[in-house]
Structure formats: C-alpha cells, structure tokens
Undergrad: 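My questions all concern the structure below.
Lettering of chains follows the sequences in order, A, B, ..., and the numbering in each one begins at 1. Note: hydrogens, waters and symmetry copies are ignored here, and every other heavy atom, side chains too, is used.
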2 protein chains.
Amino acid sequence: MTVPTGRRERKKAATRQKIADTALRLFLERGYDAVGIRDVAAEADVAVTTLFAHFTSKEALVFEQDHDFEQRLAHAVSAREPGEPLIPALRHEILALVRHCTAEGSAPIWRMIDASPALRQYEETMRLRHAESLAEAIAADPDLDRTAMACRTIARFVIDAHSLAREAADPDAAVDEIFRMIEGAWDAADVRAAANS
Amino acid sequence: MTVPTGRRERKKAATRQKIADTALRLFLERGYDAVGIRDVAAEADVAVTTLFAHFTSKEALVFEQDHDFEQRLAHAVSAREPGEPLIPALRHEILALVRHCTAEGSAPIWRMIDASPALRQYEETMRLRHAESLAEAIAADPDLDRTAMACRTIARFVIDAHSLAREAADPDAAVDEIFRMIEGAWDAADVRAAANS
DNA sequence: ACAGTAACACTAACCGTTAGTTTTTTGGAA
DNA sequence: TTCCAAAAAACTAACGGTTAGTGTTACTGT
C-alpha cells in the first residue's frame, strides 16, 4: 500500500508553512495589496506554481484557520452532553471564536482582512461553506427533529452571529443579544411547540 | 446651464444596454466562463475600456437588477401603512422577489449563477450590502425601537431568507417556514416583551 | 538498486482590470 | 453657422492572479 512514512510529508508541510508564514509577514509589513504573489514566492524561495499547489488562491494564504473553524462548529454540535440543548452550546462556541478573532494576537490580521475587499469577499464564501457544514451537523442529530430547512436556516443565523459580533464594539454583548434572537427563531421552528400553543 | 438634454444620455444608456444584452446572450449561449471580456466587447462593438466604464466587473454584467433589489427592500420597510407590522411586510416582499427569481424567464440566468463560483461570490458581496441597507431602513423607523444590533441582525436573517428560499424545492413553503423563525427572532429582540415575561 | 511517483521548478501564456493618452461626439454659446 | 469645453469612447500597453505544459529532483516501497 501507499501510506508514505514521514519525510516527504514533513517536507511538504514545511514548505507549506514557510509559504504561509512568509506571506502573512509580508502582508502585515507592506499591506495585502502591495504584496504580489511573485513577491511571496520569491521571499519563500519557491516557484509561483509551487505556491499555488499548496494554496488555491492568494486569499487562501490568509485564511489558514478556515478548516479548524468549520470543524469546531460541527464538533460543538455533535459532542454535546446527552440532553444538552443546541443553541447554548453553539452560543458558547461562537463566543470563543469571536474572542479569538478579537484577541490581541489576531487583531492585526482581521484589521487587514476588513481593509481588503478581496479578503472580505473570500471570507463571505467561506461563511457559506461553514453554514452548510453546520447545517448538516445539526440535521444529523437525532434528538433535534426539525426540518432540513430549519436546520439550514438556523445554521445561517449562527454564522451571521459570528460575522456581526466579530465587528461589534462589544463582541460579548453582541453574542448575547443575537443569540437571544436565534433562540427565538429556533423555538419558532419547533412544530410540536407550535401545535401546543 | 449644465442640464444636458436627452441625446447624450440616451446614447450612453443605449451603449450600456447593448453591452449588457450582448453579454447576457453570450453567457447563456456559451457559458459564463467560456466567454471573455474581450469577446463581449468585440461582439458589442465597443472597446474593453468602455465596457469597464459602464460595469465595474465582469460579474456586474449579470447582476443588473442589483439596485432595484436593494431599493425594493428598503421601500417595503419605509412605505408601510401606519401600524402595519414589519415582519409580514418583509415576508411579502421577499416572497415576491423569490418568485421573480424562480419564474420561467429568470430561471436560466439563476442556473448560470449557481453554476459559477465567481458569480456566487459576487452575489454574496451584494447580499452584505443589501443587508446593511435594509438594516438602516429598519433602524430609521421610529415605531420600532429595537437596538441597532437587533436591526442589523434581523436584516441579515431576511436576506438569508431570500438566499435559502431561492434555492429551495418549494420556495413558497420555504419563505413561510423561514419567516416563522424570523418572527420568533424579532419578538425575542423586543426588550419590553422580555421584561413582561 | 530500481522504478514509480510526489513535490517542485521553469516558461509562457490567459484573463480580468486599470492607467495614460488620444480621438470622436455632443451641447451650448458666440 | 462656427467654435469651444466637456463627455464618451477608443487605443495602447501594461499589471497581477492564475493555469497549462513540461521537465527535474527527491523520496518511497519493492
């Protein structure tokens, strides 16, 4: 079989990391738009084609945590304690993610993202993906018998919460307020509760 | 004075229309990705720079109704009868807009949009703009004393409703279901109701 | 040791987009 | 009518992200 032992994979990962680190450093030093792909490749000492073998686009160089983010949300849904309600679990996870964005270390990166239309646009595309994957995680939970559409809808709302709270003056308060509304939406999607009213 | 009489404006509008019509025809004939900007410009018999003087990007050639859409939503909020509740008014407008997207005539265009990553990404950017402008319209209504954050949140949800319902198998039912959830979110944002509970 | 393959390099181009400059068209005044 | 200022459009030439095609090197499993 072909389960490659370490060295090749390590070298590949090292190349990828070197590219990502170089790119982020240059972007923060000179500004995203002022740094070209050819600059990054030269500084990282790789060919342009190599760079694009590791990252699908210039914007992807900035969003490395993309996959983590997606998985943390799905995990927050699937790894709940038995009987633990959905929305508070999501609220807790989103709050942690928002705090991570607004923390000292990450702040310059997000300021750069907010300043660049290309990066904002890329973030939007990611958000749709995240919402879809979150919707699937919610729909997969047997304890929550909502319609597929209700799951997709609430997933969108949760992703919106992250986007809105991330840019708010008081992120913690924003998460509180938005999740109160999401809770209302989730309750309204409960068909049994609607029948009992 | 500098109030140009009609001809110049008419010719400019005609050029713009010719470009848009040519582009849409070619896109639908050969596919969005298979048609280049230079193809469109040649077929419309204008210079490439002229095309970009009328449209800010290739994607913008497809989304001409953009401005209409934005204004119709804001109008649905500001032009309510006195005492008419917000959410049903928005529900009515979104339903009309969704039906317009899924109507016979527009269907091929939206199929093309859904098939092209570039167009989907552009649509996402538009949606953010629409949500912001809708949020302002809602915040401007003196009868609705919700926080600015609640207005922005509900605006996002309404835009999400359009996006989700547009792609649903049964758009009318989707609008119903999603707006039941939005109603729940809107009620939960009412601080006075929360104090009474 | 060897063959196959994954990672990478190099060239050259495509495509969307823009800056700089010049020509044509148009509306209004002399 | 004739001429001028300004708008619209054209032309040229490039820039920057991205990809295809083609080798070359280095690692892995046999």
Undergrad: Would you mind reading off the distance between E9(B) atom CD and dA6(D) atom P, rounded to a whole angstrom?
TA: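 The distance from CD of E9(B) to P of dA6(D) comes to 18 Å, rounded to the nearest Å.
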Undergrad: Within the pair T50(B) and dA10(D), is there a side-chain N or O less than 4.0 Å away from OP1 or OP2?
TA: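 Looking at the OP1 and OP2 atoms of dA10(D), one of them is under 4.0 Å from a side-chain N or O of T50(B).
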Undergrad: Quick test of your reading: applying ring pair (Phe, Tyr, Trp, His ring centres under 6.0 Å), list the pairs with at least one residue in residues 93-118 of chain B, sequence neighbours left out, ordered by first then second residue.
TA: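 Listed once each, the pairs would be none.
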Undergrad: Find the bend of the helix from dA1(C)-dT30(D) to dA30(C)-dT1(D) as the angle between its two terminal axes (five pairs each), to the nearest 10°.
TA: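 Overall, the helix from dA1(C)-dT30(D) to dA30(C)-dT1(D) bends by 10° from one end axis to the other.
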Undergrad: Do E177(A) and R146(B) sit within salt-bridge range, that is, some charged N less than 4.0 Å from a carboxylate O?
TA: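 Not counted as a salt bridge, because no side-chain N and carboxylate O are separated by less than 4.0 Å.
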Undergrad: Does A173(B) offer a backbone N or O that forms a donor-acceptor pair with the side chain of D176(B) under 3.5 Å?
TA: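 Not at all, since once roles are kept as given, no pair shorter than 3.5 Å links the two residues.
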Undergrad: Taking 4.0 Å as the cut-off, does a side-chain nitrogen or oxygen of H54(B) come that near to OP1 or OP2 on dA8(D)?
TA: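 No.
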Undergrad: Side chains of residues 150-160 of chain B: which donor-acceptor pairs under 3.5 Å do they make with residues two or more places apart or in other chains?
TA:
{"from": "R152(B)", "atom 1": "NE", "to": "E132(B)", "atom 2": "OE2", "distance (Å)": "3.2"}
{"from": "R152(B)", "atom 1": "NH2", "to": "E132(B)", "atom 2": "OE2", "distance (Å)": "2.7"}
{"from": "T153(B)", "atom 1": "OG1", "to": "M149(B)", "atom 2": "O", "distance (Å)": "2.7"}
{"from": "R156(B)", "atom 1": "NH1", "to": "S163(A)", "atom 2": "OG", "distance (Å)": "3.1"}
{"from": "R156(B)", "atom 1": "NH2", "to": "S163(A)", "atom 2": "OG", "distance (Å)": "3.1"}
{"from": "D160(B)", "atom 1": "OD1", "to": "R127(B)", "atom 2": "NH2", "distance (Å)": "2.5"}

Undergrad: Let me know the distance between CG of L61(B) and P of dG16(C), rounded to the nearest Å.
TA: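 That distance rounds to 10 Å.
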Undergrad: Around atom CD of E81(A), are there more than 12 heavy atoms of other residues, nucleotides or ligands at under 6.0 Å?
TA: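 Check fails, neighbour count at 12 or below.
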Undergrad: Rounded to whole Å, how long is the line connecting atom CG of D39(A) with atom P of dC15(D)?
TA: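 So the two atoms are 13 Å apart, to the nearest Å.
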Undergrad: Would you sort out whether L95(B) and F179(B) count as a side-chain contact (heavy atoms from CB on, under 4.5 Å), showing the intermediate values?
TA: CA-CA 10 Å; L95(B) 183 60; F179(B) 265 90; over 6 Å; no
Undergrad: Indicate yes or no for a side-chain donor-acceptor contact from R166(B) to the backbone of V98(B) under 3.5 Å, with no hydrogens or angles considered.
TA: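 The answer is no, because no donor-acceptor pair under 3.5 Å joins these two groups.
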Undergrad: One pair to check against side-chain contact (heavy atoms from CB on, under 4.5 Å): Q65(A) and R72(A). What are the steps and the verdict?
TA: CA-CA 11 Å; Q65(A) 347 76 313; R72(A) 283 187 61 172; over 6 Å; no
Undergrad: To the nearest Å, how far apart are F55(B) CZ and dA9(D) P?
TA: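 After rounding, the gap between these two atoms is 11 Å.
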Undergrad: Touch check for D33(A), heavy atoms < 4.0 angstrom, all strands: base, sugar-phosphate only, or nothing?
TA: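 No contact.
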Undergrad: Just call it for V40(B): base, sugar-phosphate, or nothing, with non-hydrogen atoms closer than 4.0 Å on any strand.
TA: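 Counting heavy atoms under 4.0 Å across all strands, no contact is made by V40(B).
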Undergrad: The side chain of R8(B) lies closest to which of these nucleotides: dA8(D), dA7(C), dA9(C)?
TA: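 Within the option list, the nearest is dA8(D).
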Undergrad: Quick check on side-chain contact (heavy atoms from CB on, under 4.5 Å): which of T56(B), T50(B), L51(B) does H54(B) satisfy it with?
TA: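 For H54(B), the side-chain contact (heavy atoms from CB on, under 4.5 Å) test succeeds with only one of T56(B), T50(B), L51(B), which is T50(B).
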Undergrad: Any donor-acceptor pair under 3.5 Å linking the side chain of S116(B) with the backbone of I113(B)?
TA: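 No: the side chain of S116(B) does not pair with the backbone of I113(B).
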Undergrad: What are the atom names and distances for every N/O pair under 3.5 Å that joins the protein to nucleotides 18-20 of chain D?
TA:
{"from": "dT18(D)", "atom 1": "OP2", "to": "K58(A)", "atom 2": "N", "distance (Å)": "2.8"}
{"from": "dT18(D)", "atom 1": "O4", "to": "R38(A)", "atom 2": "NH2", "distance (Å)": "3.1"}

Undergrad: Near DNA chain C, counting only heavy atoms under 4.0 Å, which residues of residues 13-30 of chain A show up?
TA: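 When residues 13-30 of chain A is checked for heavy atoms under 4.0 Å from DNA chain C, the hits, listed by number, are T15(A).
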Undergrad: Name the closest nucleotide to the K12(A) side chain, picking from dA9(D), dC27(D), dC8(C).
TA: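 Of the options given, the side chain of K12(A) lies nearest dC8(C).
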Undergrad: May I have the distance from L51(B) (atom CG) to dT18(C) (atom P), rounded to whole angstrom?
TA: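 Between P of dT18(C) and CG of L51(B): 11 Å.
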Undergrad: Output, in order, the C-alpha distance, side-chain angles, deciding distance and verdict of side-chain contact (heavy atoms from CB on, under 4.5 Å) for L73(B) and L90(B).
TA: CA-CA 7 Å; L73(B) 274 180; L90(B) 283 169; 4.2 Å; yes
Undergrad: By side chain to side chain contact (heavy atoms under 4.5 Å, CB included), which residues pair with E59(A), not counting sequence neighbours?
TA: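 Testing E59(A) for side chain to side chain contact (heavy atoms under 4.5 Å, CB included), a comparison that skips the adjacent residues, returns Y32(A), S57(A), A118(A), L119(A), Y122(A).
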Undergrad: Heavy atoms under 4.0 Å, any strand shown: does D45(B) hit a base, just sugar-phosphate, or nothing?
TA: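 Sugar-phosphate only.
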